[in-house]
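What follows is a single structure, written as structure tokens, with notes after it.
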Number of protein chains: 2
Amino acid sequence: MSFSSTANQLPDDLLRLLPLTPAVFYTLFSLAEGDRHGYAIMQQARLLSSGSFRMGPGTLYSTIQRLMDFALIEETPEPAATQDPDSRRRYYRLTRNGRTLLEHDLRRMRSAVRLAHDLNLVPEN
Amino acid sequence: MSFSSTANQLPDDLLRLLPLTPAVFYTLFSLAEGDRHGYAIMQQARLLSSGSFRMGPGTLYSTIQRLMDFALIEETPEPAATQDPDSRRRYYRLTRNGRTLLEHDLRRMRSAVRLAHDLNLVPEN
DNA sequence: GCTGATATATCCGTAAGAGATATATCAGCC
DNA sequence: GGCTGATATATCTCTTACGGATATATCAGC
């Protein structure tokens, strides 16, 4: 069993983003499932967090811009599979570094959850 | 098997803190293991995050003050078990609400990690 | 007494977040 | 066609949280 990235090296300025803020984490996480446009990222982030994280347009588009500046995401043409194209939509996808950074943070979270479990802080299921 | 808090209700102003920022999360998490003083929280946060989160004094003490204002932590007398007492130290402990809020966020993180695993985003171990 | 780690505290510049507003497009309905 | 409401992006500003520097003092070891 092999995985896409193993102990991948990231430049220091990207590692300094760890731990990811909720806005950055859920934006990258949403795009890990597939390419999306901004508004869909906002909706998916809410879904992925079971409603606990609600991103407004201010946070959404400023976060997208910041992630673009760091080359963690990039704009991509409208997917061909799109049924009902909407001319307004701008689609984004994870870059290699974006995926690697997300994986870093997920390992950090998994480690925390496991420690918490040992401390009996969260129910079994 | 029973747990300390099950689906505990928290006031809206506390639920609005979710998802917790890294500084708040690791501060509460450090105190979930036992009562600590400020400087020890800082060190423990670094340990618990495997070094990825380094909290400076500015963030540390402003976070402590904020958590006190929300009554998520409270000051507590020096533990009797302390071997080498240091007059400067100020100890803190989790309140009931602090623990409940931390559990909320841990469930959110666990849910994210599980989804990520299904997407093959993190290695098995 | 000197040094360096420990410990708390405060200040201030910066970055991120949150909400409001604006504008336009699209779908459904009457 | 015209109305409505959800969709979609964009920008602006206020506020908050973060981060680093500085300050002061205590403690342990040499």
Side-chain angles (χ1 to χ4, degrees), chain A residues 12-28 30-31 35-47 49 52-70 72-73 75-76 78-79 82-92 105, chain B residues 12-28 30-31 35-47 49 52-70 72-73 75-76 78-79 82-92 105:
Chain A
D12 271 358
D13 63 323
L14 294 186
L15 289 177
R16 241 174 272 130
L17 296 177
L18 294 171
L20 303 181
T21 64
V24 170
F25 172 77
Y26 279 110
T27 298
L28 295 182
S30 295
L31 292 178
D35 301 350
R36 294 177 192 280
H37 58 95
Y39 196 81
I41 291 172
M42 193 185 71
Q43 295 172 308
Q44 189 65 11
R46 186 169 171 178
L47 259 183
S49 69
S52 75
F53 181 54
R54 303 187 187 187
M55 190 161 37
T59 303
L60 172 66
Y61 293 105
S62 65
T63 298
I64 286 177
Q65 188 52 56
R66 205 162 70 255
L67 296 181
M68 294 270 285
D69 293 342
F70 279 113
L72 293 166
I73 66 175
E75 201 168 349
T76 183
E78 178 132 4
T82 303
Q83 296 295 342
D84 297 306
D86 186 327
S87 60
R88 297 168 297 170
R89 294 178 178 167
R90 300 179 61 180
Y91 282 80
Y92 302 93
D105 206 46
Chain B
D12 271 358
D13 63 324
L14 294 186
L15 289 177
R16 241 174 273 131
L17 296 176
L18 293 171
L20 302 182
T21 64
V24 169
F25 172 76
Y26 279 110
T27 298
L28 296 182
S30 296
L31 292 177
D35 300 351
R36 292 179 194 279
H37 57 95
Y39 196 81
I41 291 172
M42 194 184 71
Q43 295 173 309
Q44 189 65 11
R46 187 170 170 178
L47 260 182
S49 69
S52 75
F53 180 54
R54 303 185 187 189
M55 190 161 37
T59 304
L60 172 65
Y61 293 106
S62 65
T63 299
I64 286 177
Q65 188 53 57
R66 205 162 70 253
L67 296 181
M68 295 269 286
D69 294 342
F70 279 114
L72 292 166
I73 66 175
E75 202 168 350
T76 181
E78 179 132 0
T82 305
Q83 297 293 343
D84 298 306
D86 187 327
S87 60
R88 297 168 298 171
R89 293 177 178 166
R90 300 180 62 180
Y91 283 79
Y92 302 93
D105 206 46

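Only this structure's heavy atoms are used, side chains among them; waters, hydrogens and symmetry mates stay out.
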message: Here's a test of your reading of the structure: between B:Val24 and A:Ala40, which maps to the more 5' nucleotide of DNA chain D?
response: A:Ala40
query: Can you tell which of D:dG19, C:dA7, D:dT9 lies closest to the side chain of B:Arg89?
result: C:dA7
query: Taking atom P of C:dT8 as reference, at what distance in whole Å does atom OH of B:Tyr92 sit?
result: 7 Å
- prompt: When you check the phosphate oxygens OP1 and OP2 of D:dA8, does a side-chain N or O of A:Arg90 lie under 4.0 Å from one of them?
  reply: no
field: Sugar-phosphate only, base, or nothing, as touched by B:Ala23 at under 4.0 Å among non-hydrogen atoms
entry: sugar-phosphate
message: What contact category does B:Thr21 fall into here, base, sugar-phosphate, or nothing, at under 4.0 angstrom with non-hydrogen atoms?
response: sugar-phosphate
query: Looking for any heavy atom pair under 4.0 Å, which part of the strands does B:Gly38 touch: base, sugar-phosphate only, or nothing?
result: sugar-phosphate
message: Closest approach to the side chain of A:Gln43, judged atom by atom: which nucleotide of D:dT7, C:dA7, C:dG17 is it?
response: D:dT7
- prompt: Between B:Ser62 and D:dA17, is there a side-chain N or O to OP1/OP2 distance below 4.0 Å?
  reply: no
statement: Regarding the side chain of A:His37, the nearest nucleotide among D:dA17, D:dA8, C:dA7 is D:dA8
query: Which listed nucleotide (D:dT7, D:dT11, D:dG19) is nearest to the side chain of A:Tyr61?
result: D:dT11
- prompt: Can you find a donor-acceptor pair, distance only, under 3.5 Å between A:Arg88 side chain and D:dT9 base?
  reply: no
